[in-house]
*Asks:* 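Pasting a structure below so you can have a look.
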Amino acid sequence: MKILVINTGSSSIKYELFDMDGQQRLAGGLVEKIGEKSGGLTHQKVLGNGEIRRHTEHGPVPDHGQGLKRVVELLSHSEHGVITNKDEIAAVGHRIVHGGETLTAPTVIDDQVIATIRELEPLAPLHNPGHLKGIEVARAVFPRAVHVAVFDTAFHQTIPPHAFMYALPVDLYKTHKVRRYGFHGTSHAYVAEQAARYLERRPEETNLITIHLGNGGSMAAVRGGKCVDTSMGMTPLAGLVMGTRCGDIDPAIVFYLGKRLGLGMDALDNLLNKESGLKGLCGANDMRELLAKRDSGDANACLALEIYAYRIKKYIGAYLAVLGRLDGIVFTAGIGENCAPVRSMACADLEGLGIAVDEEKNKAPGRGIRQISPDNTPVKVLVIPTNEELRIAQETQRVVETL
Ligand code: ADP
């Protein structure tokens, strides 16, 4: 079975085509700057020997429909393509950021599901409108395929009320849906499943803390395969320090800055989401850039790294208390998979809690799943590459097989 996974933004379409029989990625790419003057497309075809053949196009892409049509042409192109006919694609898995409280599992897309995703737009104004565009054009381009929505929020819907409610007037939850939702759920779910398999344990009997550190970052406490708490909140601004987002702060800072600096809502939103985090602390939102600054003796970069790792460590402690017993800690995504100093600092001095990192293993280069804790510590610290697209394809396949 071939499954196309698409992640549509307001001006972009990311796509990956999988052959589910061998769980193989066949092709993938990105259409960018849709509707702008200088659009473009990058396409990758995976060759038989695993090598990637790249193809790039420059030029305006007037709308999402034209963008997706071009993707289909490339997927069935004599040189760049991997299929002969678009009807080979049995299903399309759509990444949807927000499923709210009703869309809590991968779901076949029908008019009712579309209406619900639309109702949730106020909770995900930057994402859900683009996703809806993607659904509309993909249904037109692939009328015979099954379309499945896979939600970033779904994995976190097992979080109990005492962990998802805020201490605000309860009507704000009942009427306005103000609560913790959590994000990156597809990634947390994928690495939690992989970790249980690697540890040769049944997921139902495995307690994990999963740490997704990309440009955004979040952690999850996973008890027996189910999420019981996560660091992001009603929006992806809460929790860890991120590239440009502040994570947890005293909410009163917002009023203080509003009054003292005369900043309006939009300016404050921009400050906390786009100008804070690592960027605000040291001028570099990219971890590699931060490390280069630190290595050249930049004191702000040193401090930014300490603040970043300290926040992760605090959540490890909190989630250890939440779970009571811990089998593994998983680091994933760009920083989690590649940045040894962050892993080492976040787990430093936790031997008393059964957590340690073996520096040699931590620094050793590697691409697949690997253990970086000493063999004799009770909690296994793992690095697991995430693969959100493959997970969406797997979820989509599961739904198709039940039809
Ligand atoms: P996104 O959230 O956009 O998917 P990624 O998961 O790709 O982001 O993570 C991007 C982050 O990973 C950036 O801060 C980048 O600097 C960091 N990163 C990637 N490779 C390395 C590396 N070798 N060492 C340290 N940080 C890295």
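Please read these numbers as outputs of a predicted model, since none were measured by experiment. Order of listing sets the numbers, starting from 1, for every ligand and every atom in it.
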*Asks:* To the nearest 0.1 Å, how far is atom 20 (N) of ligand 1 from its closest protein heavy atom, and which atom is that?
*Replies:*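 Of every protein heavy atom, Asn338 ND2, 3.5 Å lies nearest to atom 20 (N) of ligand 1.
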*Asks:* If you look only at pairs with a residue in residues 301-355, which of them pass as a ring-ring contact (aromatic ring centres under 6.0 Å, His included), with sequence neighbours excluded?
*Replies:*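 For residues 301-355, and leaving out neighbouring residues, the ring-ring contact (aromatic ring centres under 6.0 Å, His included) pairs sorted by first residue read Tyr315-Tyr319.
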*Asks:* Counting only heavy atoms not in Lys14, do more than 12 fall under 6.0 Å of its NZ?
*Replies:*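 No, NZ of Lys14 has 12 or fewer neighbouring heavy atoms, counting only those of other groups under 6.0 Å.
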*Asks:* For atom 4 (O) of ligand 1, state whether the nearest protein heavy atom is under 4.0 Å away.
*Replies:*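 Neighbour list for atom 4 (O) of ligand 1 is empty of protein heavy atoms (cut-off 4.0 Å).
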*Asks:* Kindly confirm or rule out a cation-pi arrangement of Arg180 over Phe164, judged by NZ or CZ under 6.0 Å from the six-membered ring centre and within 45° of its axis?
*Replies:*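 No, Arg180 and Phe164 do not form such a contact.
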*Asks:* Start with the C-alpha distance between Leu75 and Leu17, add both sets of side-chain angles, then the distance that settles side chain to side chain contact (heavy atoms under 4.5 Å, CB included), and finish with yes or no.
*Replies:* CA-CA 9 Å; Leu75 289 173; Leu17 182 65; 4.2 Å; yes
*Asks:* So which heavy atom in the protein is nearest atom 14 (O) of ligand 1, and how far is it from that ligand atom?
*Replies:*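 Among all protein heavy atoms, the one nearest atom 14 (O) of ligand 1 is Met287 N, 3.0 Å.
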*Asks:* Where is the nearest protein heavy atom to atom 11 (C) of ligand 1: which residue, which atom, and how far?
*Replies:*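 Nearest neighbour among protein heavy atoms for atom 11 (C) of ligand 1, to 0.1 Å: Ile335 CG1, 3.7 Å.
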*Asks:* Taking the side chain as every heavy atom from C-beta outward, state whether Ile135 and Ile117 have any atom pair closer than 4.5 Å.
*Replies:*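 Yes. Closest side-chain heavy atoms under 4.5 Å.
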*Asks:* List ligand 1 atoms under 4.0 Å from Cys339, heavy atoms only on the residue side.
*Replies:*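 Those of ligand 1 that fall under 4.0 Å from Cys339 are 25 (C).
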*Asks:* Side chains of Glu337 and Thr332 only: does a donor on one sit below 3.5 Å from an acceptor on the other?
*Replies:*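 Yes, because at least one side-chain N or O of Glu337 sits under 3.5 Å from a partner of the opposite role on Thr332.
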*Asks:* I'd like to check which ligand 1 atoms, numbered from 1 as shown, lie under 4.0 Å from a non-hydrogen atom of Ala333.
*Replies:*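 Once the distances to Ala333 are compared, the set is 6 (O).
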*Asks:* Could you find the nearest protein heavy atom to atom 16 (O) of ligand 1 and give me its residue, atom name and distance?
*Replies:*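 Going atom by atom, the protein heavy atom closest to atom 16 (O) of ligand 1 ends up being Asp286 OD1, 2.6 Å.
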*Asks:* For atom 27 (C) of ligand 1, state which one of His184, Met242, Arg288 supplies the nearest heavy atom.
*Replies:*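 Shortest heavy-atom distance from atom 27 (C) of ligand 1: Arg288.
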*Asks:* Return the closest protein heavy atom for atom 2 (O) of ligand 1 as residue, atom name and distance.
*Replies:*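 The answer is Asn215 N, 3.0 Å.
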*Asks:* Quick one: nearest non-hydrogen protein atom to atom 18 (N) of ligand 1, plus distance?
*Replies:*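 Nearest neighbour among protein heavy atoms for atom 18 (N) of ligand 1, to 0.1 Å: Gly334 O, 3.7 Å.
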*Asks:* Strictly under 6.0 Å, is that where the ring centroids of His147 and His94 end up?
*Replies:*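 Judged by ring-centre distance (under 6.0 Å), His147 and His94 do meet the cut-off.
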